[in-house]
Amino acid sequence: MENERISTRCKAALVAGAVLAATVAGAIPSWAEGQWSSSITNWTNGAESRRWTDNHKDVSPTSIGFSGCDFGGAGGVNINLYRAIDYWPDEGQGMVSMDCATKSWGAMDAKGKYYFAYEGNHKINIKRVVVKY
């Protein structure tokens, strides 16, 4: 009888462990497909970042982070995210008013080459830019 009791306890512990593992595994965020970092020096209106390819293999959001910011007297700047389209106007993914922090555009809907552009009247310098996608 004692062996049956231990066996039942072991089974219950295994089931509880499996349920916990499945729950935790579902709560872990997926890893971003890629990222890169750079800086911005003397950007003026219309300046564009480098392009990167999002193969749309995950649901990770696209985010841009700024640190060490000099917005030339402005409190923040407008940043537009675009999907580049050959021989056609690029597709806007939305504009975000950036301060010296990280902002997200959410997961992109399509595979493609993306970039961001600055729109404003001040010359800006940013020591560190981190893009995750």
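Quantities reported herein were computed from a predicted structural model and do not represent experimental measurements.
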request  = Could you tell me whether the side chain of K103 and the main chain of S97 form a donor-acceptor pair under 3.5 Å?
outcome  = yes

query = OH/Y115 to CG/N80 distance, rounded to the nearest 0.5 angstrom?
reply = 9.0 Å

query = Hey, are the side chains of I124 and I40 touching, using non-hydrogen atoms and a 4.5 Å cut-off?
reply = yes

key: Shortest non-hydrogen contact from F116 toward I64   = CD2-CD1, 3.5 Å

message = Would you compute the distance between atom NZ of K111 and atom NE2 of H56 and round it to the nearest 0.5 angstrom?
response = 10.5 Å

task = Could you tell me whether a side-chain N or O of Q93 sits under 3.5 Å from a main-chain N or O of M108, the two making a donor and an acceptor?
result = no

ask   = Does any N or O in the side chain of N125 come within less than 3.5 Å of the main-chain N or O of N42, such that one atom is a donor and the other an acceptor?
value = yes

side-chain contact (heavy atoms from CB on, under 4.5 Å) evaluation trace for Q35 with V131 = CA-CA 5 Å; Q35 72 175 43; V131 176; over 6 Å; no

remark   = Value for CZ (R50) from NZ (K113), rounded to nearest 0.5 Å, stands at 9.5 Å

inquiry  = Please evaluate residues F66 and W43 with respect to the criterion ring pair (Phe, Tyr, Trp, His ring centres under 6.0 Å), reporting the C-alpha separation (whole Å), side-chain torsions for both, the decisive distance (0.1 Å), and the verdict.
reply    = CA-CA 14 Å; F66 288 170; W43 270 24; 8.2 Å; no

query = Is E33 reaching over with its side chain to a backbone N or O of K57, donor-acceptor style, under 3.5 angstrom?
reply = yes

key: Flag, side chain of S104 to backbone of G106, donor-acceptor distance under 3.5 Å   = yes

